[in-house]
Number of protein chains: 2
Amino acid sequence: MAMKALSKATIYQVAQRAGVSIATVSRALRDSDLVTPETRERVHAAARELQFTPSRPARSLAEGRHAANGIVFPDLVGPYYAEVVLGYEATAGSLGSSVLILATNGRPDAEAAVRELAGRVDGLTVMGRTVGDDVVRGIASTGLPMVLLARDPVDGVDTVRAGNTNTAKALAEHLLGHGHRTITFLGDPDGSSDVAGRFAGVRAALAGTDALLSLVRGNGLDLDSGRTAARQILADRPDAVVCANDEAALGVLLAAEEAGLDVPRDLAVTGWDDLLAARFAGLTTVRQPMRELGATAARWLNRRINEPPLENTAARRRILATEVVIRRSCGVHEEVHP
Amino acid sequence: MAMKALSKATIYQVAQRAGVSIATVSRALRDSDLVTPETRERVHAAARELQFTPSRPARSLAEGRHAANGIVFPDLVGPYYAEVVLGYEATAGSLGSSVLILATNGRPDAEAAVRELAGRVDGLTVMGRTVGDDVVRGIASTGLPMVLLARDPVDGVDTVRAGNTNTAKALAEHLLGHGHRTITFLGDPDGSSDVAGRFAGVRAALAGTDALLSLVRGNGLDLDSGRTAARQILADRPDAVVCANDEAALGVLLAAEEAGLDVPRDLAVTGWDDLLAARFAGLTTVRQPMRELGATAARWLNRRINEPPLENTAARRRILATEVVIRRSCGVHEEVHP
DNA sequence: TTGAAAGCGATACCAC
DNA sequence: GTGGTATCGCTTTCAA
């Protein structure tokens with residue numbers, strides 16, 4: 001039987017086999033027009049026979065670029081980040097760039113991991129509160145193109161995010177319209193700038209009204225944290241609980257059910273993200289363009305990477321629109337739902 | 001010849017600054033014990049001052065490895081893949097490897113993209129029906145360590161998957177227990193081996209009974225495809241619709257509601273995956289260890305990568321356990337739900 | 001312990 | 001058009 005030809009072929013072997021120099025191989029393989037169709041074909045044949053694939057590190061070293069970019073996010077748990085990352089990958093891929101991902105989640109060495117990642121890419125997207133501003137500045141100052149995603153801006157770095165405050169204000173006003181007067185916000189404004197913006201919006205809506213706003217930070221934005229926090233919140237019998245995201249809100253829904261409370265009659269609940277589950281739970285929430293957030297970041301990063309060094313434009317900011325999605329959980333509406 | 005504005009420092013500059021050779025810098029920075037604590041410190045200081053970070057391509061070229069591995073999946077849409085990829089990233093990261101992702105989704109050049117990815121990593125995990133067996137074999141034959149995830153095995157390549165057939169059989173038997181006799185399976189067995197396994201399980205359960213099984217392939221496994229397919233299915237008034245995944249099942253639920261059908265009284269519906277939404281939709285489904293699937297693949301791949309070439313063990317197979325999760329949608333149970 | 005130098009595998013400039 | 005070769009930045013013998 002034939003021997004397993006696993007040692008990858010190099011450009012030298014292809015050159016030898018085709019009877020040309022490595023320079024010619026390089027040209028022929030990248031379809032340079034400085035090669036005779038004849039030799040071009042000969043080289044391609046040799047390459048094919050040897051199953052030649054150029055070494056990526058060698059290429060990168062010679063070209064001075066990685067042809068890859070990276071995205072750092074806190075976690076991939078929950079549909080929110082997943083959608084954003086997917087949008088990012090799809091767009092980056094179509095722009096001809098490979099994508100490296102890094103979830104800083106429970107990583108103790110997040111900062112080091114991010115720096116290491118920065119060394120593997122032509123540009124980096126940093127999402128949410130994964131690493132401090134100092135790290136972002138440090139990396140940006142090396143000249144590596146960067147884009148911030150769903151995160152407070154840093155001087156000189158592009159930022160893409162989804163609208164929080166205005167939409168949160170609209171949501172809270174809708175709640176007021178239902179007659180709710182004691183409102184609890186569940187989420188930690190110090191935990192992420194998104195949450196901070198949402199809280200600010202709610203507060204703005206209640207300012208100058210007779211409604212009462214209280215804040216419960218909770219332990220996180222997942223279902224169980226929401227459920228746990230809700231047990232405490234429900235003891236105070238607020239009219240409504242505005243949650244920082246859908247998962248927490250779903251947890252509150254579960255806790256309310258346990259407590260024998262009817263939503264929305266006894267308690268109104270709202271979330272944020274419009275997850276698939278929100279639809280089936282009848283949860284009033286806010287929809288944000290997750291896929292588009294990722295796609296925009298990828299597009300911007302690509303632009304920065306290919307930008308002529310001297311035309312370096314000022315940092316961009318963009319806030320993508322979000323919208324309130326009214327369902328059953330925010331209060332009793334005219335029509336009766338089955 | 002343009003001047004690089006922010007050229008990163010090289011090992012040469014560090015060497016010069018520390019007054020040593022590049023060899024010494026290399027050793028000092030990788031904490032070799034062949035260096036005086038004294039010079040070690042001097043080198044570290046110089047590196048720090050110059051903000052030196054070794055060039056990844058240069059390192060990879062010299063070491064002959066990437067310190068990275070990749071995972072290919074069809075799509076990241078829907079919580080299923082996201083969870084698997086997260087589990088993968090977390091484990092790979094903790095094993096000291098960077099992770100490259102590739103969604104073949106709507107990519108016309110999926111095969112080329114996978115090959116290109118293969119050139120950037122020390123090992124590759126291929127999930128589902130992203131590329132053909134020929135491509136898998138081709139890559140595996142170059143000696144690149146691989147792991148197959150949720151996909152039919154290929155000779156000589158490790159495979160990790162979740163149980164389908166037996167659990168599907170149990171699920172179908174439960175349905176029979178409810179008295180359902182006309183059952184429609186929604187999903188394309190030719191579209192993925194997972195779906196094929198689930199269908200096989202259902203068929204096995206009905207074999208030898210008086211129950212009738214029909215197959216509707218549908219156009220996909222997302223909510224809208226399920227909803228659309230359901231409109232056709234419902235015309236036949238089956239007792240139960242067994243869906244290949246939760247998203248399709250949720251679509252069926254929506255269509256049933258539109259048609260004025262009561263689930264489970266008029267129609268039983270089951271899904272697969274146990275998404276968060278399934279819980280709130282009261283959907284009977286099957287839970288699979290998504291996170292663990294990814295983690296196992298990452299662990300196996302790591303083992304292969306670091307395996308002494310000659311101890312090359314036979315291809316491994318593992319099927320992780322799945323379990324039926326009974327909720328309301330499969331039929332009327334004793335207890336009355338609110 | 002440290003330094004000199006030989007790779008690693010491409011790209012691209014400069015002659016011919 | 002092609003070939004020779006310097007270069008990219010680092011790791012790793014091999015000597016000293």
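Residue numbers begin at 1 in each chain, while the letters A, B, ... track the order of the sequences.
Closest to the side chain of A:Arg27, from the set C:dT11, C:dA10, C:dC14, is C:dC14. The listed nucleotides are C:dG3, D:dG1, C:dA10; the one nearest the side chain of A:Phe52 is C:dA10. Here C:dA12 is the nucleotide among C:dG9, C:dG7, C:dA12 with the atom lying nearest to any side-chain atom of A:Arg30. In the set C:dG9, D:dC10, D:dT2, the nucleotide with an atom closest to the side chain of A:Ala62 is C:dG9. Taking only side-chain atoms of A:Ala23, from C-beta outward, the nucleotide of C:dA10, C:dT1, D:dT5 with the closest atom is D:dT5. Closest to the side chain of B:Thr39, from the set C:dA5, C:dT2, D:dG3, is C:dT2. If you check D:dC10, C:dG9, D:dC14 against the side chain of A:Leu61, the one that comes closest is C:dG9. Nearest nucleotide to the A:Ile22 side chain, out of D:dG9, C:dT11, D:dT12: C:dT11.
Summarising the geometry of B:Ala162 relative to B:Leu293, their closest heavy-atom pair is N-CD2, 3.9 Å, with the distance given to 0.1 Å.
Side-chain atoms of A:Asp75 and A:Tyr80 include no donor-acceptor pair closer than 3.5 Å. Side-chain atoms of B:Arg318 and B:Thr159 form no donor-acceptor pair, as typed in the model, at a separation below 3.5 Å. Looking at A:Arg161 and A:Ser193, their side chains do bring a donor and an acceptor atom within 3.5 Å of each other.
B:Val25 comes within contact range of no nucleotide atom at all, as no heavy-atom separation falls under 4.0 Å. Within the 4.0 angstrom heavy-atom criterion, only backbone atoms of the sugar-phosphate kind lie near B:Thr10; the bases stay farther away. At the heavy-atom level, A:Thr53 lies under 4.0 Å from the strands shown only through sugar-phosphate atoms.
A straight line from CD of B:Glu63 to P of D:dG9 spans 17 Å, rounded to a whole angstrom. Atom CD1 of B:Ile11 and atom P of C:dG3 are 12 Å apart (whole Å). Remark: P of C:dT1 and CG of B:Leu29 are 18 Å apart, rounded to the nearest angstrom. In this structure, A:Leu34 places its CG atom 12 Å from P of C:dA12, rounding to the nearest Å. Atom NZ in A:Lys8 sits roughly 16 Å away from atom C1' in C:dA10 (whole-Å rounding). Remark: C1' of C:dT2 and CD of B:Glu38 are 13 Å apart, rounded to the nearest angstrom. Going from atom CD of A:Gln16 over to atom P of D:dG4 covers 13 Å, rounded to whole Å. For the pair B:Arg120 CZ and C:dG9 C1', the computed distance is 15 Å after rounding to whole Å.
At C:dT11, one or more side-chain N or O atoms of A:Ser26 fall inside 4.0 Å of OP1 or OP2 (strictly under the cut-off). Between A:Ser60 and D:dC8 there is no side-chain polar atom (N or O) within less than 4.0 angstrom of OP1 or OP2. The shortest distance between the side-chain N/O atoms of A:Ser21 and the OP1/OP2 oxygens of D:dG3 is below 4.0 Å. Close to C:dG9, at under 4.0 Å from its OP1 or OP2, lies no side-chain N or O of A:Arg59.
Between B:Arg30 and B:Glu63 a salt bridge is recorded (basic side-chain N to carboxylate O distance below 4.0 Å).
Side chain of A:Gln13 to backbone of A:Leu50: no donor-acceptor contact under 3.5 angstrom is found.
Heavy-atom distances to DNA chain D give each of A:Thr24 and A:Tyr12 a nearest nucleotide, and the one nearer the 5′ end belongs to A:Thr24.
For A:Arg56 against C:dG9, no side-chain N or O and base N or O form a donor-acceptor pair under 3.5 Å.
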